[in-house]
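Contents: one structure, followed by commentary.
All chains are named by letter (A, B, ...) in the order of the sequence lines, taking the proteins before the strands, and each is independently numbered beginning at 1.
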Amino acid sequence: MAGPPAGETWVPMSMGLESYLMRVRFAPSPTGALHIGGARTALYNWLMARGNAGTLVLRIEDTDKERSTPENVEQILDALKWLELDYDEGPISQLSRTDRHQELLQRLLAEGKAYRSTATGDDVKAYKSKHGADKGFRGAAQDEGAVRLRVPDEGSTTVHDIIRGDTVFQHVHMDDPVIARADGSVLYNFAVAVDDMDAEITHVVRGEDHLSNTPKQLLVYEAIGATAPLFAHLPLLHGPDGKKLSKRHGAASVQELRDAGFLPAAVRNYLALLGWGAADDQTIISTHELVAQFDVARVQKNPAQFDVKKLTWLNGQYVRAMDVDALTAALEAFTGRTGLREAVAISQEKIGTLADFWPLAGFLFDGPADDPAARAKWLDDGHRSALVQAREALAHLEPFEVGAIELALREVVEADPERKPKDVFQPIRVALAGTTISPGIFESLAVLGREESLRRLDAALATS
RNA sequence: GCCGCCAUCGUCUAGGGGACUAGGACGCCGCCCUCUCACGGCGGAAACCGGGGUUCGAAUCCCCGUGGCGGUACCA
């Protein structure tokens with residue numbers, strides 16, 4: 001599916017050849033579920049590719065064999081699929097590129113641009129505490145040990161970042177980074193540069209936690225003699241307490257979002273807004289508009305806090321904008337039940353997430369809930385006559401439809417000047433639903449049908 | 001500790017020297033609508049981290065401080 005998405009043959013006027021050939025990548029490490037920050041990184045890359053007729057490459061950074069499992073890879077693939085973010089190339093396993101990594105590693109070793117050293121982390125630390133910040137660790141070449149890249153003593157490496165501008169890293173502050181373990185297996189900072197180079201990635205868009213890794217990777221490019229891509233380091237995402245986002249903030253992973261009943265389109269919209277704003281500050285933006293409008297250069301520099309309340313509101317907007325059939329399909333998939341359409345139609349404007357539906361409307365299918373407080377308040381002797389009259393009004397009503405039901409029940413209200421609407425409607429609600437919260441009462445009666453409605457009213461009268 | 005990034009309402013943001021009495025959205029508060037819960041409508045409270053500079057003029061540019069965050073792995 002390389003090339004522009006279906007129906008989108010345009011290329012923004014301002015885009016030159018370089019942008020037209022844009023190649024971006026999403027390169028998660030499979031250490032567990034796809035977190036929200038990772039999802040946003042995936043989304044931004046996807047938006048860039050789709051908005052610029054570019055190519056999105058999916059690469060799995062699995063060079064850490066301890067943590068990378070097939071199950072974890074599967075989780076990431078699932079999450080992307082649920083988010084409806086597709087990719088044009090991959091998934092490529094970084095591990096599968098071992099031969100190529102070794103080839104270049106040996107070359108750097110042979111050229112003296114990298115060297116083996118048995119120096120440990122503690123050795124480096126000791127060296128640092130001796131020399132302070134004025135001298136980065138430089139090892140002496142040995143014939144065994146881990147492979148370190150030789151960092152020049154003088155000069156500096158500048159990261160050109162689309163979001164942040166230039167950041168200069170002085171070489172004297174940098175330690176020679178380890179690029180391969182003593183057993184020869186390569187490390188992230190080496191593999192990522194090689195793979196991005198071979199995949200001809202033009203724009204690396206990733207989390208800000210990689211910013212200080214970038215000069216090391218730039219040095220790898222330089223040692224290999226390759227041209228580095230452009231970088232964009234995204235601000236990190238925090239929870240409501242300003243700390244790193246985690247499970248106790250409600251939902252930290254894409255899977256949790258799905259289970260909480262959020263819609264993929266709403267999640268995409270919300271995630272896009274987390275660190276980025278459209279030029280006109282629009283809040284509800286369809287994925288199609290997002291593709292057209294997203295501009296990584298406009299991404300915020302400061303970290304954003306994930307706010308589940310705003311996501312919930314946004315999700316409600318999407319729920320209400322769906323047509324009933326689509327929402328029914330989503331809810332039937334979510335609940336595992338069928339025949340929900342009528343109940344969905346009368347609940348649509350009252351739910352924020354898919355998970356809100358069953359607690360609200362489940363009584364239509366599974367019978368009344370049991371809320372003793374509601375029964376005590378509304379099914380007492382004081383409301384008995386209203387319930388009896390309502391039952392009579394409904395018993396032979398034709399047709400048994402929303403409009404007729406409302407007329408009939410309002411007549412019951414007016415039959416007694418002391419009566420307020422809720423003195424009739426709430427007892428009915430509690431009789432039908434078992435609780436004081438439900439979709440509209442006329443609508444609920446119509447969906448239940450005459451027979452079931454009368455059964456529930458009789459049951460309430462029998463126990464009150 | 002060292003290296004680096006960042007800083008507008010509680011939150012997400014608009015703003016990029018004069019259009020700022022700092023705009024929008026979520027949330028919050030009040031009112032309206034109303035059969036419950038919601039939706040919706042109307043209104044309100046709420047921010048330029050602090051201090052110095054530059055300038056006729058600073059939320060916007062510079063410096064310092066403070067705070068937050070990231071990195072400092074033979075993790076990614």
Would [X] and [Y] pass as an ion pair if we require N to O under 4.0 Å?
{"X": "A/Arg116", "Y": "A/Asp143", "result": "no"}
{"X": "A/Glu452", "Y": "A/Arg456", "result": "yes"}
{"X": "A/Asp196", "Y": "A/Arg59", "result": "yes"}
{"X": "A/Glu406", "Y": "A/Arg410", "result": "yes"}
{"X": "A/Lys128", "Y": "A/Asp175", "result": "yes"}
{"X": "A/Asp370", "Y": "A/Arg375", "result": "yes"}
{"X": "A/Glu208", "Y": "A/Lys301", "result": "no"}

N/O-N/O pairs, protein side and nucleotides 60-64 of chain B side, under 3.5 Å:
none

Rounding to a whole Å, what distance do you find between [X]:[atom1] and [N]:[atom2]?
{"X": "A/Asp209", "N": "B/C69", "atom1": "CG", "atom2": "P", "result": "14 Å"}
{"X": "A/Lys216", "N": "B/A76", "atom1": "NZ", "atom2": "P", "result": "11 Å"}
{"X": "A/Gln94", "N": "B/A76", "atom1": "CD", "atom2": "C1'", "result": "9 Å"}
{"X": "A/His210", "N": "B/A76", "atom1": "NE2", "atom2": "P", "result": "11 Å"}
{"X": "A/Phe363", "N": "B/U36", "atom1": "CZ", "atom2": "P", "result": "15 Å"}
{"X": "A/Phe137", "N": "B/U72", "atom1": "CZ", "atom2": "P", "result": "16 Å"}
{"X": "A/Ile346", "N": "B/C39", "atom1": "CD1", "atom2": "P", "result": "17 Å"}
{"X": "A/Asn189", "N": "B/C74", "atom1": "CG", "atom2": "P", "result": "11 Å"}

Exercise. Is A/Asp416 close to A/Gln389 at the side-chain level, that is, under 4.5 Å between some pair of heavy atoms?
Worked result: no

Problem set entry | Test item: A/Ser253 and A/Ile36 side chains (from C-beta on) under 4.5 Å apart, heavy atoms | no

Taking a pair as Watson-Crick or G-U wobble with both distances under 3.5 Å, which nucleotide is matched to [N]?
{"N": "B/C56", "value": "B/G18"}
{"N": "B/U66", "value": "B/A7"}
{"N": "B/C42", "value": "B/G30"}
{"N": "B/C37", "value": "none"}
{"N": "B/G71", "value": "B/C2"}

Seminar exercise, completed: Judged by whether its glycosidic angle lies within 90° of 0, B/C63 is anti

Need one value for [X]: base, sugar-phosphate or nothing, where a base atom within 4.0 Å counts as base even if backbone is also close, heavy atoms only.
{"X": "A/Gly275", "value": "sugar-phosphate"}
{"X": "A/Gln317", "value": "sugar-phosphate"}
{"X": "A/Ile441", "value": "base"}
{"X": "A/Phe442", "value": "base"}
{"X": "A/Pro235", "value": "nothing"}
{"X": "A/Thr63", "value": "sugar-phosphate"}

Exercise. So, A/Ser93 and A/Asp62: side-chain donor and acceptor under 3.5 Å apart, yes or no?
Worked result: yes

Pairwise [atom1] distance, [M] and [N] [rounded to whole Å]:
{"N": "B/G43", "M": "B/C56", "atom1": "C1'", "value": "40 Å"}
{"N": "B/G15", "M": "B/A59", "atom1": "C1'", "value": "8 Å"}
{"N": "B/C62", "M": "B/A7", "atom1": "P", "value": "11 Å"}
{"N": "B/U8", "M": "B/U60", "atom1": "C1'", "value": "11 Å"}
{"N": "B/C48", "M": "B/U13", "atom1": "C1'", "value": "13 Å"}
{"N": "B/U21", "M": "B/C26", "atom1": "P", "value": "26 Å"}
{"N": "B/C42", "M": "B/A14", "atom1": "C1'", "value": "24 Å"}
{"N": "B/A38", "M": "B/C28", "atom1": "P", "value": "10 Å"}

For this session: Report the C-alpha separation of A/Arg107 and A/Ile224 in whole Å, then their side-chain angles, then the decisive distance to 0.1 Å, and conclude whether the side-chain contact (heavy atoms from CB on, under 4.5 Å) test is met.
Result: CA-CA 8 Å; A/Arg107 202 175 98 193; A/Ile224 294 171; 3.8 Å; yes

Report yes if at least one side-chain N or O of [X] is closer than 4.0 Å to OP1 or OP2 of [N]; otherwise report no.
{"X": "A/Arg320", "N": "B/A38", "value": "no"}
{"X": "A/Arg181", "N": "B/C75", "value": "yes"}
{"X": "A/Arg298", "N": "B/A14", "value": "yes"}

Problem set entry | RNA chain B: 5'-proximal contact among A/Gly277 and A/Glu443 (nearest heavy atom) | A/Gly277

Seminar exercise, completed: Between A/Gly145 and A/Glu349, whichever has its closest RNA chain B nucleotide further toward 5' is A/Glu349

If you check the [X] side chain, which of [options] turns out closest?
{"X": "A/Trp313", "options": "B/G27, B/C74, B/C69", "value": "B/G27"}
{"X": "A/Gln305", "options": "B/U11, B/A25, B/C37", "value": "B/U11"}
{"X": "A/Thr283", "options": "B/A25, B/C26, B/G70", "value": "B/A25"}
{"X": "A/Ala304", "options": "B/C12, B/U36, B/C74", "value": "B/C12"}
{"X": "A/Asn213", "options": "B/C26, B/A76, B/A25", "value": "B/A76"}

Exercise. Within 45° of the axis and under 6.0 Å from the centre of the six-membered ring of A/Phe425, does NZ or CZ of A/Arg429 qualify?
Worked result: no

Check if the side chain of [X] and the base of [N] share a donor-acceptor pair of N or O atoms closer than 3.5 Å.
{"X": "A/Lys310", "N": "B/C12", "value": "yes"}
{"X": "A/Lys350", "N": "B/C37", "value": "yes"}
{"X": "A/Asp280", "N": "B/A14", "value": "no"}

Exercise. Step by step, would you call A/Lys377 with A/Gln426 a side-chain contact (heavy atoms from CB on, under 4.5 Å)?
Worked result: CA-CA 9 Å; A/Lys377 179 169 183 185; A/Gln426 280 300 77; over 6 Å; no

Tabulate atom names and distances for all N/O pairs under 3.5 angstrom spanning the protein and nucleotides 3-9 of chain B.
residue	atom	partner	partner atom	Å
B/C5	O2'	A/Arg164	NH1	2.6
B/C5	O2'	A/Glu208	OE2	3.3
B/U8	OP2	A/Asn302	ND2	3.2

For this session: Go through the structure and list residues passing side-chain hydrogen bond (donor to acceptor under 3.5 Å, both in side chains) with A/Arg268, not counting sequence neighbours.
Result: A/Glu84, A/Thr287

